[in-house]
Amino acid sequence: MRDLDKTPEVEDSSALNQQLLTWYDHNARAMPWRVSPADRARGQRPDPYRVWLSEVMLQQTTVAAVTEYFQRFTQRWPSVQDLAAAEDAQVMAEWAGLGYYARARNLLKCARVVAQDLDGCFPDSYEALLKLPGIGPYTAAAIASIAFDRAETVLDGNVERVMARLHDIHDPLPAVKPVLKEQAGLLTPPLRPGDYAQAVMDLGATICTPKNPACGICPWRSPCLARVAGTAPELPKKTPKQPKPTRLGVAYLARSADGAWLLERRPDKGLLGGMLGWPGSEWNAAPAPRPPFAAEWQDLGGEVRHTFTHFHLILQVKLAELPTGHNLLPGQELLSRHDFRPQDLPTVMRKVFDLWAGSDFNPGKDR
DNA sequence: GAGACGTGGCG
DNA sequence: TCGCCAAGTCT
């Protein structure tokens, strides 16, 4: 790696973040949870609840995916007290489709701590925020800087990429992360740290993109060492990942004569924790059949394919009529035709339903 | 430190 | 079709 102590841009940190903030003042993307630089300059402050909610939703998730979820959440639960008072199942259903469901469970935990123990006020320091459920180093720094104007350093995938390129650092992630964090810290300004944090992330999201970075219009095109070296598109380096294995499984759709569905609430820990799903086999190389009750299970034909973070899944789907008077086992729920909403399911489970809905087994298919 | 943990878009 | 990638956290 280069001798970072002698990089000129570090000594020019003031000029650098001035260039970035000027760019941000003219190019900040509008988002429902964001106070524009102009409004911020007039003294308007962001609502910590909305900053927190948006940052949790944005963990490993794109702005485009988050926007409508954020609108629905804030419309339904305008304050942290409202959210803290919500039922678990309602929050999980509203989160369905957004992924990483541990975030939703921790969101509720955190809301209840803030509402019940902290008088409804989010802590305003990095250290105190870090103690809350679902808030890690990134989110604590983001809330502290954006909502409370603390000079904390955010380090997400965008900032890592920007720092690696600005300093032309070729050492692979994640090992080099502490170095990138240090470089990001040297650039964090005492004034407007919140706008600065959002500016670096906007830069990474719109200009300094993973592929085809738009170096020609970058506010940091002049000091950027990777642009000079021509290495920007290949940075940051990452240690190669293991290929994903493929697992198999069977999902069982049981429908009563009046159109109610048999579902299961999954355990809080593990994959799709706390979410509704169809009864099914285990997911592995050779799953044993595990129907929720004995019946003539009919194969729907076709299959559901879905890829999780660490494996591919191919699901076979079987169907049977739920006998009248079926006794619900622990964890099972019978949802009436009226109460069942496929959009409340995690995506893989919704795909299973969609396979049935488009099949000849659906009496209302063409209506 | 490394693996678990979702999903959708893009090239 | 497929691998990469996204405003990470928890264990």
Side-chain angles (χ1 to χ4, degrees), chain A residues 28-29 31 33-34 51-70 92 95-107 109-110 129-143 145-147 152-162 172-178 181 184 194 196-206 208-213 233-234 236-247 266-275 277 283 305-313 343 345-351:
Chain A
R29 297 188 291 169
M31 302 174 195
W33 50 86
R34 177 177 277 182
V51 173
W52 162 72
L53 179 61
S54 66
E55 290 300 341
V56 172
M57 287 183 165
L58 285 164
Q59 291 166 7
Q60 295 289 286
T61 310
T62 58
V63 169
V66 161
T67 300
E68 58 180 293
Y69 281 85
F70 179 85
M92 299 312 287
W95 195 276
L98 200 53
Y100 283 128
Y101 297 98
R103 293 185 294 171
R105 300 193 301 277
N106 286 328
L107 189 81
K109 278 189 203 169
C110 182
L129 286 162
L130 193 57
K131 292 191 171 84
L132 294 169
I135 297 183
Y138 163 75
T139 306
I143 298 173
S145 64
I146 297 171
E152 301 292 350
T153 303
V154 298
L155 189 68
D156 67 344
N158 286 313
V159 181
E160 288 173 358
R161 185 170 57 256
V162 170
L173 283 167
V176 76
K177 191 169 172 174
K181 170 88 173 180
Y196 175 80
Q198 294 173 97
V200 193
M201 293 190 285
D202 269 20
L203 186 72
T206 62
C208 196
T209 49
K211 294 166 186 173
N212 306 317
E234 64 192 65
K237 303 281 192 186
K238 301 196 177 181
T239 52
K241 293 165 187 165
Q242 293 295 315
K244 299 184 200 316
T246 295
R247 297 184 191 172
R266 299 173 65 88
D268 269 351
K269 296 210 170 193
L271 191 68
L272 308 178
M275 298 301 289
W283 296 344
R305 287 174 174 267
H306 191 77
T307 299
F308 293 96
T309 312
H310 50 297
F311 65 94
H312 303 289
L313 179 65
Q343 64 266 35
L345 302 177
T347 298
V348 62
M349 300 296 178
R350 187 181 50 69
K351 285 182 181 177

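Convention: sequence-line order gives letters A, B, ...; per-chain numbering from 1.
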Touch class at under 4.0 angstrom, heavy-atom based, for A:P133 against every strand present: sugar-phosphate
Rounded P spacing from B:dG6 to C:dT11 in Å: 14 Å
Audit row: A:I146, A:R34, side-chain contact (heavy atoms from CB on, under 4.5 Å) steps and yes/no: CA-CA 9 Å; A:I146 297 171; A:R34 177 177 277 182; over 6 Å; no
Length of the line joining A:Q242:CD and C:dC4:P, which is rounded to integer Å: 11 Å
Geometric cation-pi criterion A:R305 and A:W283, 6.0 Å radius, 45° cone: no
Nucleotide C:dA6, atom P - distance to CG of A:L203 in whole Å: 14 Å
P gap between C:dC4 and B:dG3, integer Å: 15 Å
A:K241 NZ - B:dG3 P separation (whole Å): 12 Å
Distance below 4.0 Å between A:R161 side-chain N/O and C:dC5 OP1 or OP2: no
Steps toward side-chain contact (heavy atoms from CB on, under 4.5 Å) verdict (A:F70, A:L53): CA-CA 8 Å; A:F70 179 85; A:L53 179 61; 4.0 Å; yes
Distance in angstrom units between A:L173 CG and C:dG8 C1', rounded: 13 Å
Side-chain heavy-atom pair A:L130, A:T139 within 4.5 angstrom cut-off: no
Sugar-phosphate, base or nothing in reach of A:K177, heavy atoms under 4.0 Å: nothing
Sugar-phosphate, base or nothing in reach of A:P174, heavy atoms under 4.0 Å: nothing
Comparing A:R29 and A:G134 on DNA chain C - which has the more 5′ nearest nucleotide: A:R29
Separation of atom CD1 in A:I143 from atom P in C:dG8, rounded to whole Å: 13 Å
Sugar-phosphate only, base, or nothing, as touched by A:M31 at under 4.0 Å among non-hydrogen atoms: base
Donor-acceptor side-chain pairing of A:K351 and A:H306 below 3.5 angstrom: yes
Ion pair A:D156/A:R161, N-O distance below 4.0 Å: no
A:Y138 OH to C:dT9 C1', straight-line distance once rounded to whole Å: 13 Å
Value in whole Å for how far the P atom of C:dG8 lies from CE of A:M201: 9 Å
Annotated protein contacts, base or backbone, on nucleotides 5-11 of chain B with a non-hydrogen cut-off under 4.0 Å, one of B, S, - each: BBBS---
Check: A:Y138/A:E55 side-chain N/O donor and acceptor closer than 3.5 Å: yes
